There are 2 protein chains.
Amino acid sequence: MPRWDPEGESRLREAALQLFLERGYENVTVAEITERAGLTRRTFSRYFADKRDVLFAGSDELPAVIGDRIRTADAALAPMEAVLAALDAVAERLADQAAIAARRQAVVRASPELQERALTKFAVATDAAADALRSRGVPASTATLLAQVAIAIFRTAFERWLNAPAEVSLRDRVRESAAELSSSFGSQPS
Amino acid sequence: MPRWDPEGESRLREAALQLFLERGYENVTVAEITERAGLTRRTFSRYFADKRDVLFAGSDELPAVIGDRIRTADAALAPMEAVLAALDAVAERLADQAAIAARRQAVVRASPELQERALTKFAVATDAAADALRSRGVPASTATLLAQVAIAIFRTAFERWLNAPAEVSLRDRVRESAAELSSSFGSQPS
DNA sequence: GCCGTGATGTCTCAATGTGACATCACGCTA
DNA sequence: TAGCGTGATGTCACATTGAGACATCACGGC
């Protein structure tokens, strides 16, 4: 491959992650990323919609996984049960990604712009879950509510897991968070 | 005021909302907004951090309201109860804003870029609620979880309310959504 | 051995966000 | 009443981004 390596996209992702870690997202220019990757600014735009997207490529499969699992879950399961089962599936997919996830999260945490994009990624997953719930017969706005709550549970679990990946599995963190929320509704003094 | 009316900011907001409704967010340029408002592009940047912000100005007080209410809620209330009480307060603040909110939501719904910013605004409210919960002694990650769920409840309630503002009050929609979620946890077959 | 296809480069432009500095109106003060 | 400082606005310039139009080059199939 004289003119270009076949890994243009992954080289761009890696170069971007490196530069972001070195100098911070806002202090890195697209031209610098492509320069390090040996490509051109125009080429960057062909792989990624915008500068932020270079960090989130690959996270587009999780929403599909969530939707599938919810749809194919045992029909006897209550909606929330089906959602939690789907989160288990996602947790297994991410089980070996702790290292990469931590590196990326460090970058995201330092940049409001990237946090904003991360929220849209969560929103895409939320929409996928909500759609799947509706196909199980859950009313539209109820489905959205449950989906949002599910993603909230997962985000909490994911964060706890990243803080100590070796101690408790992501899967167990999901169950822990769900149980915690459930008990917040159950024990209501007054 | 010969050279400039004192209402520069509000004129910009109104001009922007009009133009967005007329031609869609992406097809409107900052220069056009300022032109309609009788100002300059540079002045726009002094009022709003970026083009999206012109739609969300004024929504910065709600997080403070939420935080205050959670902090000042009866100390005997369970965390989730305190949060729901705070949502009641926000609901009352917005009770008479249905018309404006609907107009703005129409614009946001049509633009992914604006939806992204809307998510950030929700995130700010979430953070405020989480901080307040922590000051009540709720563990950090539990506080974040409950705050996210609270905002999810509110978003659901808000959407239902906008669909029929005259039928059920926003406050009652909040309670309705909360009860719905609670029962999703309560009735778990198998 | 040629050629189409696809990935990449080059050139160009509109739009955005921002820094530096000028300008103008207003209120205060002597 | 004149002058002055302050704050809001305008003017100019620049770096960066995202995208269209077109050229270029390598590879695989015929």
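Numbered from 1 within each chain, the chains take letters A, B, ... in sequence-line order. For clarity, every value in this text was computed on a predicted model and none was experimentally measured.
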- Separation of A:Gln148 CD from B:Ile151 CD1 (nearest 0.5 Å): 10.0 Å
- Gap between atoms CD and C1', on A:Glu9 and C:dT8 respectively (whole Å): 14 Å
- Task: Quickly work out the B:Ile33 CD1 to C:dA15 P distance and round it to whole Å.
- Result: 12 Å
- Ignoring hydrogens and angles, tell me if any N or O in the side chain of A:Arg136 forms a donor-acceptor pair with the backbone of A:Ile70 under 3.5 Å. yes
- Task: Ignoring backbone atoms, test whether A:Ser45 places a side-chain nitrogen or oxygen under 4.0 Å from the OP1 or OP2 oxygen of D:dA19.
- Result: no
- Message: If the threshold is 4.0 Å, N to carboxylate O, is there a salt bridge linking B:Arg160 and B:Glu180?
- Response: yes
- Item | Whole-Å gap separating C1' (D:dT17) and CD (B:Glu113) | 12 Å
- Item | Interatomic distance, B:Tyr47 OH vs C:dG17 P [rounded to whole Å] | 17 Å
- Query: With a non-hydrogen cut-off below 4.0 angstrom, is B:Thr40 in contact with a base, only sugar-phosphate, or nothing?
  - Reply: base
- For B:Tyr25, check ring pair (Phe, Tyr, Trp, His ring centres under 6.0 Å) against everything at least two apart and list the hits. B:Phe20
- In whole angstroms, how far is the P atom of C:dT18 from the CZ atom of B:Phe48? 14 Å
- Check DNA chain C against residues 23-31 of chain B and give the residues with a non-hydrogen atom under 4.0 Å, in numerical order. B:Val28, B:Thr29, B:Val30
- Message: Checking contacts here: which listed nucleotide (C:dT12, C:dA20, C:dG17) is nearest the side-chain heavy atoms of B:Lys51?
- Response: C:dG17
- Residue pairs passing the salt bridge (Lys or Arg N to Asp or Glu O under 4.0 Å) test where at least one lies in residues 56-68 of chain B, sequence neighbours excluded: B:Asp60-B:Lys121
- Item | Residue whose nearest DNA chain D nucleotide is more 5′ - B:Arg42 or A:Ala49 | B:Arg42
- Item | Atom-to-atom span, CG of B:Leu39 to P of C:dA25 - whole angstrom | 16 Å
- If you check the B:Arg41 side chain, which of D:dG10, C:dT8, D:dA13 turns out closest? D:dA13
- Message: Measuring from the side chain of B:Arg46 (C-beta onward, heavy atoms only), which nucleotide among D:dT9, C:dT8, D:dG18 has the closest atom?
- Response: D:dT9
- Round to a whole Å and report the spacing from CZ of A:Arg11 to C1' of C:dT8. 11 Å
- Give the rounded distance in Å between these two atoms: CZ of B:Phe44 and P of D:dT11. 18 Å
- Task: Examine A:Arg173 relative to A:Phe158 and say whether NZ or CZ is less than 6.0 Å from the centre of the six-membered ring and inside a 45° cone about the ring axis.
- Result: no
- Shared ILVMFWY cluster between A:Val168 and A:Val174, side chains joined below 4.5 angstrom? no
